[in-house]
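Atom set for the values below is all heavy atoms of this structure, side chains included, hydrogens, waters and symmetry mates excluded. Lettering of chains follows the sequences in order, A, B, ..., and the numbering in each one begins at 1.
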Protein chains: 2
Amino acid sequence: MVSVPARRKRATIHDVAVEAGVSRGTVSRVVNDEPYVSANARAAIEAAIEKVGYVPNNAARSLVMQRSQAVGFIVHEPHSLFLEDPNIGDILLGANTALSHADYQMVCLIIDSDRDTARVARYLSGGFVDGVIIVSARQNDPITRVVEKLGLPTAFVGHPPDLRDLPFVGIDNRTSARALTERLLDTGRRRVGMIAAALDRDSGADRLAGFTDALGDAFDSNLVASVPLYAYAAGVAGMRELLQRSPEIDGVFAASDAVAAGALEALRDAGRRVPEDVGVVGFDDSAWARRTQPPLSTVHQPASGLGAGAAELVLQQLRGEATPVGGLLLQTPIVWRGSA
Amino acid sequence: MVSVPARRKRATIHDVAVEAGVSRGTVSRVVNDEPYVSANARAAIEAAIEKVGYVPNNAARSLVMQRSQAVGFIVHEPHSLFLEDPNIGDILLGANTALSHADYQMVCLIIDSDRDTARVARYLSGGFVDGVIIVSARQNDPITRVVEKLGLPTAFVGHPPDLRDLPFVGIDNRTSARALTERLLDTGRRRVGMIAAALDRDSGADRLAGFTDALGDAFDSNLVASVPLYAYAAGVAGMRELLQRSPEIDGVFAASDAVAAGALEALRDAGRRVPEDVGVVGFDDSAWARRTQPPLSTVHQPASGLGAGAAELVLQQLRGEATPVGGLLLQTPIVWRGSA
DNA sequence: GTTTATTCTGTGTACGTTCACAGACTCTCA
DNA sequence: TGAGAGTCTGTGAACGTACACAGAATAAAC
């Protein structure tokens with residue numbers, strides 16, 4: 001007669017205790033690396049753990065410890081953005097690496113509809129996570145409110161404009177834009193313009209401010225075209241506008257790589273050579289940057305660093321440490337390629 | 001004197017019971033939508049839940065139910081792939097959507113080093129997840145072995161060559177390649193070649209097989225160039241080789257969009273016009289396809305469908321249902337753009 | 001040899017659920 | 001009226017762990 005190979009029950013701390021001839025408490029102390037365990041007992045318990053194949057039950061541990069050892073990673077974007085924004089994948093990876101290093105698990109929470117919002121809010125209230133990382137929060141975001149009400153340790157990647165006092169990690173758009181523009185000026189360009197984009201966002205406004213900083217007295221508002229989005233088509237339109245207004249233009253700072261790629265097309269159409277006639281720089285070091293002809297000089301987004309930084313900010317709070325006020329601003333190295 | 005705003009304790013099922021004047025059991029029945037609850041009691045309990053802000057504690061529930069309501073999403077790739085492969089993000093999204101619809105949570109487990117392998121193996125053994133979705137498993141993968149040993153419900157996105165009997169979801173590379181090639185032939189091309197890539201992978205071999213199927217007797221091995229990787233540079237090299245061997249070539253099936261983009265460059269260098277002189281088709285419908293000049297005709301990868309399919313496969317096993325043998329092969333629509 | 005400190009160990013309780021069981025209350029029908 | 005079926009409700013376990021506490025063993029000091 002063949003016995004049914006019933007799903008073998010997992011070994012508990014009690015099984016280990018019996019096997020090693022000690023009590024639950026002592027096993028618990030060994031498992032949690034606490035002092036006051038004799039060498040004998042420790043050896044016996046370690047052997048017993050190995051023998052019965054013991055792995056601590058997380059649910060039981062969570063229940064008694066009142067924490068889950070998990071951190072939520074909330075992305076509040078339409079699905080399509082995951083495709084378009086190559087950074088989100090790297091942010092996720094960076095956060096995941098930092099969290100797992102600290103023995104925390106990362107749970108992906110993706111919000112794409114109002115139904116999702118409710119589900120995630122419920123999830124957060126359920127104590128499933130000890131903290132959250134929020135990517136691209138919206139202004140007056142319901143999730144942000146839930147998190148605030150629960151007092152959950154939080155870190156934002158990029159910060160919502162209405163919540164300057166919560167911990168966040170971002171890049172210093174203004175300083176980076178300034179450095180990039182200065183480098184462009186150093187190559188001998190005389191008439192440098194900018195295609196500014198998304199001025200309703202912090203990032204867009206700060207990049208323009210950095211450009212203005214770099215030009216100082218030489219700033220000429222006639223050399224700035226403003227487009228609504230960080231998009232290819234917007235770049236084409238913005239460049240045409242600049243060419244019309246200032247045909248003698250010889251340098252362009254595009255607010256993003258996609259915008260820069262569009263600018264390249266408009267310049268090509270207008271018969272200008274890049275970089276000979278006009279130098280072009282982008283921002284983001286996205287996939288665009290390496291695929292344009294010539295490849296773009298741009299500013300590298302330290303995406304995985306952003307993720308790791310946000311994770312670290314959450315972990316700090318979890319450990320009860322203070323977080324830096326005003327957020328964490330990351331360095332953004334300039335990548336010089338062929339376009340300027 | 002100001003009282004310390006102590007972290008407010010979460011309401012338990014017991015609090016609800018007291019508030020509603022019933023017992024824990026009855027509340028549990030309402031929460032879990034079980035029958036045999038009077039209308040009175042139900043109303044009182046629902047009001048009480050609202051009032052005390054009760055949300056079930058997952059750890060306690062997991063402990064007694066012996067399950068976690070979570071599914072692991074395992075990606076076994078170097079970090080860089082997350083950047084390069086736009087599909088992984090969509091697969092993740094598709095899986096996440098399907099799982100959360102069934103009230104399961106998705107936990108991201110990314111393996112990038114041997115240390116990660118050990119960590120994830122330990123995690124899986126810890127009963128943190130009820131099932132797993134594995135993306136791009138390797139041959140003889142230690143994680144696959146752990147999963148098998150634990151008898152964890154599993155689904156692969158794309159299947160490792162050595163595990164044909166486990167549930168998987170993939171695309172029908174062969175049929176898709178055949179359909180694409182036939183369509184290319186239908187446009188009147190006489191000498192159609194292929195840049196085959198990654199023949200050591202299922203996908204690469206199947207795409208070549210589909211090409212061969214479509215050509216039938218007209219197949220000419222002289223018109224096939226084989227390159228090691230799905231990469232741009234490989235596409236350039238492959239196309240040069242084909243042009244040298246068969247200068248009269250007027251159609252090319254590139255094994256991926258990246259390869260096709262490389263082929264486009266090689267054709268441009270050789271002074272051939274696309275699509276007038278040579279028709280080019282790619283595979284994947286990746287970001288490349290829309291950025292080349294002209295944009296590529298290609299086969300669309302139903303990435304989010306793959307994720308959703310894998311999730312469904314795991315959920316089926318979780319419900320105790322049978323899974324389709326031989327895996328799930330998804331339809332791949334042809335996207336006809338300017339390159340052929 | 002007694003006291004005192006130090007190291008080690010076992011036990012009971014609590015965490016917040018679900019589930020099986022037993023009992024109470026309503027109906028219906030003979 | 002009483003038996004039986006169907007509906008509803010409360011109670012006591014159990015899940016596997018951490019932690020506080022009490023107590024035993026050992027070592028050190030007088």
| Between Leu63(B) and Gly25(B), who's closer to the 5' end of DNA chain C by nearest nucleotide? | Leu63(B)
| field | Length of the line joining Asn40(B):CG and dG10(D):P, which is rounded to integer Å | value | 12 Å
| query | Over how many whole Å does the gap from Ile45(A) atom CD1 to dT17(D) atom C1' extend? | reply | 15 Å
| field | Passing option when Val27(A) is tested against Asp15(A), Ile13(A), Val18(A) for side chain to side chain contact (heavy atoms under 4.5 Å, CB included) | value | Ile13(A)
| query | Does Tyr54(B) have a side-chain nitrogen or oxygen under 4.0 Å from the phosphate oxygens OP1 or OP2 of dT17(C)? | reply | yes
| said: Among Thr144(B), Val169(B), Leu313(B), Val132(B), exactly one meets side chain to side chain contact (heavy atoms under 4.5 Å, CB included) together with Phe156(B). Which residue is that? | reply: Thr144(B)
| query | Does a nitrogen or oxygen in the side chain of Asn57(B) sit under 4.0 Å from OP1 or OP2 of dC15(C)? | reply | no
| said: Between C1' on dT17(D) and CZ on Arg29(A), what's the gap in Å once rounded to a whole number? | reply: 13 Å
| query | Hey, does the side chain of Ser23(B) come within less than 4.0 Å of dG10(D)'s phosphate (OP1/OP2), counting only N and O? | reply | yes
| query | What nucleic acid atoms does Val22(A) come within less than 4.0 Å of, heavy atoms only: base, sugar-phosphate, or nothing? | reply | sugar-phosphate
| query | Given dT17(D), dG16(C), dT9(D), which nucleotide is nearest the side-chain atoms of Ala60(A)? | reply | dT17(D)
| Side-chain N,O (Asn58(A)) to OP1/OP2 (dT17(D)) below 4.0 Å | no
| message | OP1 or OP2 of dA14(C) versus the side-chain N and O atoms of Gln66(A): is any pair under 4.0 Å? | response | no
| query | Atom CG of Asn32(A) and atom P of dC8(C): how far apart are they, to the nearest Å? | reply | 17 Å
| query | Does any N or O in the side chain of Ser100(B) come within less than 3.5 Å of the main-chain N or O of Asp103(B), such that one atom is a donor and the other an acceptor? | reply | no
| task | Could you tell me whether the side chain of Asn32(A) and the main chain of Arg29(A) form a donor-acceptor pair under 3.5 Å? | result | no
| Pro56(B) near the nucleic acid: base, sugar-phosphate alone, or nothing, with a heavy-atom cut-off under 4.0 Å? | sugar-phosphate
| Taking for each residue the nucleotide of DNA chain D with the nearest heavy atom, is it Gly21(B) or Ala59(A) whose nucleotide lies nearer the 5' end? | Gly21(B)
| Is there a side-chain polar atom (N or O) of Thr26(B) under 4.0 Å from OP1 or OP2 of dC8(D)? | no
| request: Would you mind telling me which of dT9(C), dC19(C), dA18(D) lies closest to the side-chain atoms of Glu34(B)? | output: dC19(C)
| N/O donor-acceptor pair, side chain Arg24(A) with base dT13(C), under 3.5 angstrom | yes
| remark: Closest of dT17(C), dC19(C), dT7(D) to the Arg61(B) side chain is dT17(C)
| field | Value in whole Å for how far the P atom of dC15(C) lies from CZ of Arg10(B) | value | 13 Å
| Glu50(B) side chain vs Glu46(B) backbone, donor-acceptor pair below 3.5 Å | no
| query | Expressed in angstrom and rounded to an integer, what is the separation of Arg67(B) atom CZ from dT17(C) atom P? | reply | 15 Å
| Interatomic distance where OH belongs to Tyr36(B) and C1' belongs to dC21(C) [whole Å] | 15 Å
| What's the CE-C1' distance between Met65(B) and dG16(D), to the nearest Å? | 16 Å
| Distance check: side-chain N/O of Ser38(B) vs OP1/OP2 of dT7(D), anything under 4.0 Å? | no
| request: Just do the side chain to side chain contact (heavy atoms under 4.5 Å, CB included) check on Met106(A) and Leu99(A) with the steps written out, would you? | output: CA-CA 7 Å; Met106(A) 196 177 82; Leu99(A) 289 174; 3.8 Å; yes
| request: Check whether any side-chain N or O of Ser28(B) sits under 4.0 Å from OP1 or OP2 of dT18(C), and answer yes or no. | output: yes
